[in-house]
Amino acid sequence: MDTVRINPEVQQALKENRPVVALESTIISHGMPYPQNVETALRVEAIVREHGGVPATIGIIDGIGVIGMTTEEIEAFGKRGMSIPKVSRRDLPVIRARKSWGATTVATTMILAHMGGVKFFVTGGIGGVHRGAESTFDISADLEELGRTDVTVICAGAKAILDLPKTLEVLETKGVPVLGFQTDELPAFYTRSSGLKVDCRLNDYEDAARIVLAKHEMGLTGGILITNPIPEEFSIPAESINAVIDQAIQEMDEKGIKGKECTPFLLARIAEITGGESLASNIQLVFNNAAVGTEIAKAYSELCK
Ligand code: PSU
Ligand code: MN
């Protein structure tokens with residue numbers, strides 16, 4: 001049984017050194033409600049194409065890592081939602097041996113993208129160090145993966161459901177460059193600012209591509225994190241979203257929710273409390289990341305000619 005199955009269109013694009021952009025499936029099954037999850041996933045693929053890239057939505061079907069799912073497969077991930085297990089690195093052997101389906105997180109999407117030779121990956125937000133990690137030890141496997149697997153991840157930073165200063169510290173320890181696309185500040189998902197500095201500001205797509213290439217030339221392991229702020233018109237004021245986040249975290253603690261259920265619970269609860277406003281912002285920032293991420297992948301292909 002193959003480990004990964006690469007869609008022929010993706011395979012051809014990789015062979016011709018054209019830009020390919022990986023996309024994750026946990027954001028579909030666990031990060032957004034149906035039907036917005038499917039609509040968003042398909043629109044993101046269309047945006048990648050409009051910018052001259054080939055999309056490769058990644059998920060696990062019958063134990064095989066699929067790199068470049070079909071529209072029907074994306075619809076199935078959206079409809080089945082939370083009933084598809086959220087798969088992190090530690091879950092991969094079980095999912096394969098049992099030939100199960102699995103929604104891939106940032107960590108596992110990186111692993112499968114790398115196995116398939118895909119260098120760029122666009123998503124909404126990454127996991128990180130959770131608030132209270134000093135007692136729970138809850139640190140997302142996404143950070144570990146960024147430290148070891150060579151894929152460039154384009155996202156809108158991380159949500160303030162996390163402890164952002166601690167998240168940056170862990171990324172520094174693991175040697176992950178954290179770059180800001182046309183910003184000096186780490187974006188905090190719904191808001192453009194966090195008060196924290198990124199390692200370096202990127203001026204344009206080519207600037208980003210040159211840094212990715214430099215890392216490859218040096219043979220350094222691990223990924224690169226490119227953070228791209230949400231467009232101003234879709235951002236939510238920090239005070240209002242932070243009050244919602246605090247409420248959602250308090251409810252999570254009261255309900256005793258722990259481990260891998262934390263992030264999906266918080267995402268769903270924040271969307272509920274804001275009456276869908278946060279979901280609309282979430283969707284828009286993913287669209288924006290898809291456009292910027294594809295342009296960077298394209299600039300990288302140009303440099304490699
Ligand atoms: N953050 C978001 N949206 C998401 C996720 C995180 O704003 O959909 C998902 C991603 O798949 C990410 C995962 O890899 O949650 C992290 O989960 P955990 O915190 O359990 O590591
Ligand atoms: Mn966790």
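Both counts, for ligands and for their atoms, begin at 1 and track the order of listing. Only heavy atoms go into these numbers, but all of them, side chains included; no hydrogens, no water, no symmetry mates.
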If the cut-off is 4.0 Å to any non-hydrogen atom of [X], which atoms of ligand 1 fall inside it?
X    : value
F189 : 7 (O)
H130 : 19 (O)
I27  : 8 (O)
T26  : 11 (O)

Regarding [atom]: of the candidates [options], which has the closest heavy atom?
atom                    : options                : value
atom 12 (C) of ligand 1 : N282, D142, L266, L267 : D142
atom 21 (O) of ligand 1 : G128, S140, C262       : S140
atom 19 (O) of ligand 1 : V153, T263, I126       : T263

Original post:
Are any side-chain N or O atoms of S25 and backbone N or O atoms of I28, one a donor and one an acceptor, separated by less than 3.5 Å?
Top reply: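 Absent.
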Indicate yes or no: does [X] engage [Y] in a salt bridge with an N to O separation below 4.0 Å.
X    : Y    : result
R210 : E217 : no
D150 : K119 : no
E9   : R18  : no
D253 : K258 : no

[X] to ligand 1: N or O pair under 3.5 Å?
X    : result
T105 : no
K260 : no
E24  : yes
G259 : no

Original post:
Can you tell me which residue and heavy atom of the protein come closest to atom 2 (C) of ligand 1, and the distance to 0.1 Å?
Top reply: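 Among all protein heavy atoms, the one nearest atom 2 (C) of ligand 1 is K159 NZ, 3.3 Å.
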**OP:** Can you pull out the closest protein heavy atom to atom 1 (N) of ligand 1? Residue, atom name and distance to 0.1 Å, please.
**Re:**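 The answer is G125 O, 3.5 Å.
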Original post:
Can a non-hydrogen atom of H30 be found less than 4.0 Å from any atom of ligand 1?
Top reply: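 Checking ligand 1 against H30, which is what was asked, there is no heavy-atom contact under 4.0 Å.
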Original post:
If you measure from each heavy atom of K86 to ligand 1, is any distance below 4.0 Å?
Top reply: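 Under 4.0 Å: yes for K86.
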Subject >> Validation row: L14, V118 side chains within 4.5 angstrom (heavy atoms) >> reply: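 Side-chain contact under 4.5 Å: yes.
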Original post:
Do you know which two heavy atoms are closest between P229 and R192, and how far apart they sit?
Top reply: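 Smallest heavy-atom distance, with atoms named: CB-NH1, 3.8 Å.
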Original post:
Do H30 and F77 make the cut of ring centroids closer than 6.0 angstrom?
Top reply: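 No: the rings miss the under 6.0 Å criterion.
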Original post:
So, Y205 versus Y300, ring centres under 6.0 angstrom or not?
Top reply: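 No, ring centres 6.0 Å or more apart.
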Subject >> Identity of the N, O or S atom of D138 lying closest to the Mn ion (ligand 2) >> reply: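 This turns out to be OD1.
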**OP:** Kindly determine whether T108 and T104 satisfy side-chain hydrogen bond (donor to acceptor under 3.5 Å, both in side chains), including the steps that lead there.
**Re:** CA-CA 5 Å; T108 37; T104 53; 4.7 Å; no
